[in-house]
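On a predicted model such as this, the values are computed, not experimentally measured, just so you know.
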Amino acid sequence: MNLFKINITVFLIIVGFLCLKAETTKDHTVMVAVTTDTIPTPRIKLSFPLDTSALEYTIYRKYILDDSWGETLSLLPGTATEFIDSNIRTGRGFEYKVKKKLKDYDAFFYTYAGINVPQTDYNGIALLLIDSTVSDLLDSELTVYENDLIRDGWLVHKHLVPRAEKFNPSAVHRVKSIILDEYRKYNNEIKSVILFGRVPVPYSGDAAVDDHDPDHRGAWPADLYYGEVDGNWTDNIIDEKRPARDENKNIPGDGKFDQVVIPSNVDIPVGRIDMYELPGMSPSEIELLKRYLDKNHKYRSRQLIVDDKCLIDDKFGMYSSEAFAANAWMNFTALTSIENIDTGSFLHDMDNKSYLWAYGCNSGGYTSVLRVAYVPEFNSLTYNSVFTILFGSYLADWDFPDNIMRAAIASEPSILTCSWSGRPFWQFQHMGLGETIGYSTLLSQNNQYLYETSGLYGYRMIHVSLIGDPTLKMLYVAPPENFNIISSTISPDSAYITMQWQNSTDSDIIGYNIYRTDDLKNKFQKINSAPIIDSVFIDHSPKFGNNIYMVRAIKNQKSASGNYFNLSLGLLAETDFPKINFTDMTASLFNVYPNPASDRVYIAFLQQKITRFTIGIYDLNGKIIRIIGAGRIPPGRYLYSWDLRDINWDKVSAGIYLIKFETTEGTTVSKILVY
């Protein structure tokens, strides 16, 4: 054979070999773009790039609460690049599964998509279990947090629980008994458990999910035990003495459970906010807890804003047949679209950029993920992400000094959650239409076969935990401002309360909802039938006694999977609505209280004939500060309020002011001291 021809053949073989595409974790995800439309009819379109290696695509669809995918929605050839579902209706979410069959493996994508999907006004009961030793030290911050939960549609049941710095089985059982008592009373209304501070840590199992056997085999922290209410947890089987750490040793009767796999589905999502023993984070435990509550409040109220982008730092790549970072590609594509995903460095890319989501994986330790994240950097560098996912050896065993998952949520300025995803994969796609990360946690803990992925291990095992607040949503709306009760009107033939607010500064606001309750321990009830376009609302059927009102902005929230009606945190205003016996009233009445005042002044008067009136606030020089009420009124008892703000909504300075009440019958002036 001609030597030249031989050399050319060898060269072409080498070039062809080098040009073969190496398998990457991204290849295990179908990169789907979701678009929605209502013309000519409602439809959801799934688009994906042409893949010459694809053999076929299978499309499935289900409703959010369905526990199976049912029949195949469509079977497409490998040359397909889109699927259009026209058999939908607006106002409801649809969950899709896209499975791409390749020669050696399958790739997956999940999304929760819809058009004009509503968000629930009431989320359910959140059990806030607080380490009793930190409660008084963080009283004001915890009050703000509890109010934020209420304003976000939660009913809060708060309990102080014992602190346990080391494993304490009796303290674990005490906490579980509180949860079970609440569950028996309220059953499926319990939708979240928040462990705040050094709440006792349950342990269970005999496994080395990270492959470090025997030194890391044995019991791991198992917060999901608190959320599983009807399974049988035992402590008489496992006898494991080999692990290096005493915490991981598991012997019969030691209070650590035998279960490696959950005995039944977890019923309530649990999240832990625990800053105990983080010496690598320079502030104290109390200061770190305070920091967390502060950034939690800022994120919910949209004072802390990050870009709608995601970061993937994949230092593992393919680990034999496991594609750990495929979980990030799959979720982030669904949550923010492929165009908003950066591949970069945890260590270097978050100081001048910000991200909703960030994922990093590599070989790990309790306090680090190699070349991805380290506790000292969490203490000293800026980490501008909110929802964080880390994966590596050891770190999922988070009850360890300076554990990096807990250090992540202790960092500044914005990380609020951290999860260990890779064994198993997590399912976050529902957050794209307003579900909480607690919902994703529950779904991921209970999943085995429903959400098929390229993840191979760890499903339904006891180690799957959320570090951070389980009630958090992915996106928040700027709330309205300066919500005030303007007046309360009671007359023989009518009764109503007038309220006013300043509009949200957010975009795409379609209106406002008004809610009412008589006590913050009771549910708020929505009292408007359609979104309010104006910034004034009159309640024509108030209840006598205490009335607490809440106003929430409604945003047409666009997402990578459609749109939904996202509700802001609410603003609260409270007034007492007295029941008046008009037949017993004979004397005129004009009363201003409290006096002096530091927060709000009430102006009450009884009017016995039809009149025109004006109530104005003036300084001692006669300069008008603000008009509180004016108009024509029938006989009745009236109550107006002044929030000590001027016409520009600025708080007035301390001093003496005049409240002038003018009618066709005359003028009454009262002095009020503001301090």
Worksheet entry | Separation of K191 NZ from T120 OG1 (nearest 0.5 Å) | 9.5 Å

Item to complete: Hey, could you give me the CG/CG distance between L142 and D136, rounded to the nearest 0.5 Å?
Response: 10.0 Å

Worksheet item: Would you say the side chains of T453 and Y459 form a donor-acceptor pair under 3.5 Å?
Response: yes

Practice prompt. Find out whether V98 and T111 are in side-chain contact, i.e. whether some heavy atom of one side chain is under 4.5 Å from a heavy atom of the other.
Written response: no

Worksheet item: Do the rings of W501 and F483 sit parallel, tilted or perpendicular, given the 30° and 60° boundaries?
Response: perpendicular

Item to complete: Let me see the working for D148 and N296 under side chain to side chain donor-acceptor pair (under 3.5 Å), right down to the final yes or no.
Response: CA-CA 9 Å; D148 282 351; N296 188 300; over 6 Å; no

Worksheet item: Do we see a donor-acceptor contact under 3.5 Å between the side chains of N168 and S170?
Response: yes

Discussion item. For L569, is there any backbone N or O sitting under 3.5 Å from a side-chain donor or acceptor partner on D152?
Written reply: no

Worksheet item: Backbone N or O of Q448 within a donor-acceptor pair of the R460 side chain at under 3.5 Å?
Response: no

Practice prompt. Return yes if some donor-acceptor pair links the side-chain N/O of S414 with the main-chain N/O of S385 below 3.5 Å, else return no.
Written response: yes

Fill in: Over 12 foreign heavy atoms within 6.0 Å of NZ, K526
yes

Worksheet item: How about Q303 and H297: do any of their side-chain heavy atoms sit closer than 4.5 Å?
Response: yes

Fill in: Qualifying residue, where the test is side-chain contact (heavy atoms from CB on, under 4.5 Å) with W69 and the options are E95, E452, K99
E95

Item to complete: Can you measure from CD1 (I150) to CG (L155) and round to the nearest 0.5 angstrom?
Response: 7.5 Å

Worksheet item: Do we get K473 above Y476's six-membered ring, with its NZ or CZ under 6.0 Å from the centre and within 45° of the axis?
Response: yes

Worksheet item: Are N236 and D258 side-chain neighbours, meaning at least one heavy-atom pair lies under 4.5 Å?
Response: yes

Fill in: Under 3.5 Å: donor-acceptor pair, side chain of S337, backbone of A560
no

Worksheet item: So, D206 and K256, do they make that salt bridge, N to O below 4.0 Å?
Response: no

Discussion item. Is there a side-chain contact between V134 and Y276 in this structure, where contact means two heavy atoms from C-beta onward sitting under 4.5 Å apart?
Written reply: no

Discussion item. Just checking F94 against Y63, ring centres under 6.0 Å apart?
Written reply: yes

Worksheet item: Side chains of S465 and D223: do they bring a donor and an acceptor to under 3.5 Å?
Response: no

Item to complete: Could you check R151, R552, K523 and say which one makes a side-chain contact (heavy atoms from CB on, under 4.5 Å) with Y515?
Response: R552

Worksheet item: Do Q259 and N232 come within less than 4.5 Å of each other through their side chains, counting heavy atoms only?
Response: no

Worksheet item: Does a side-chain N-to-carboxylate-O contact under 4.0 Å join K543 and D518?
Response: no

Worksheet item: So, N566 side chain and K555 main chain: donor-acceptor pair closer than 3.5 Å or not?
Response: no

Item to complete: Indicate yes or no for a side-chain donor-acceptor contact from N331 to the backbone of W426 under 3.5 Å, with no hydrogens or angles considered.
Response: yes

Worksheet item: Any side-chain heavy atom of I194 sitting closer than 4.5 Å to one from L149?
Response: yes

Worksheet entry | D181 with K185: basic N within carboxylate O range, under 4.0 Å | no

Worksheet item: Say you draw a straight line from NZ of K158 to OG1 of T143; how long is it, rounded to the nearest 0.5 Å?
Response: 5.5 Å

Worksheet item: Can you tell me how far the CD atom of Q525 sits from the CD1 atom of I514, to the nearest 0.5 Å?
Response: 14.5 Å

Discussion item. Taking R163 first and then D131, would you say they form a salt bridge - that is, a charged N and a carboxylate O separated by under 4.0 Å?
Written reply: yes

Worksheet entry | Whether over 12 other heavy atoms sit under 6.0 Å from N87 CG | no

Worksheet item: Would you call the rings of H430 and Y112 parallel, tilted or perpendicular if under 30° counts as parallel and over 60° as perpendicular?
Response: tilted

Discussion item. Counting neighbours of NZ on K62 that are heavy atoms of other residues, nucleotides or ligands and sit closer than 6.0 Å, is the number greater than 12?
Written reply: yes

Worksheet item: Heavy atoms, side chains only, cut-off 4.5 Å: are N116 and Y564 in contact?
Response: no

Worksheet item: What is the distance from atom OG of S504 to atom CZ of R302, rounded to the nearest 0.5 Å?
Response: 9.0 Å

Worksheet item: Short question: side chain of N250, backbone of F257 - any donor-acceptor pair under 3.5 Å?
Response: yes

Worksheet item: Tell me, do N447 and F425 make a side-chain contact under 4.5 Å, heavy atoms counted?
Response: no

Worksheet item: Any salt bridge between D469 and R300, counting N to O under 4.0 Å?
Response: yes

Worksheet item: Just by distance, with hydrogens left out, do E189 and Y122 show a side-chain donor and acceptor under 3.5 Å apart?
Response: yes

Worksheet item: Does the side chain to side chain donor-acceptor pair (under 3.5 Å) test come out yes or no for S440 and E435, once each step is laid out?
Response: CA-CA 8 Å; S440 298; E435 291 291 344; over 6 Å; no

Item to complete: Say whether, by atom type as modelled, one donor and one acceptor occur between the side chain of T36 and the main chain of I44 under 3.5 angstrom.
Response: no

Item to complete: Please confirm whether the backbone N or O of I262 pairs with a side-chain atom of Y225, one donor and one acceptor, at under 3.5 Å?
Response: no

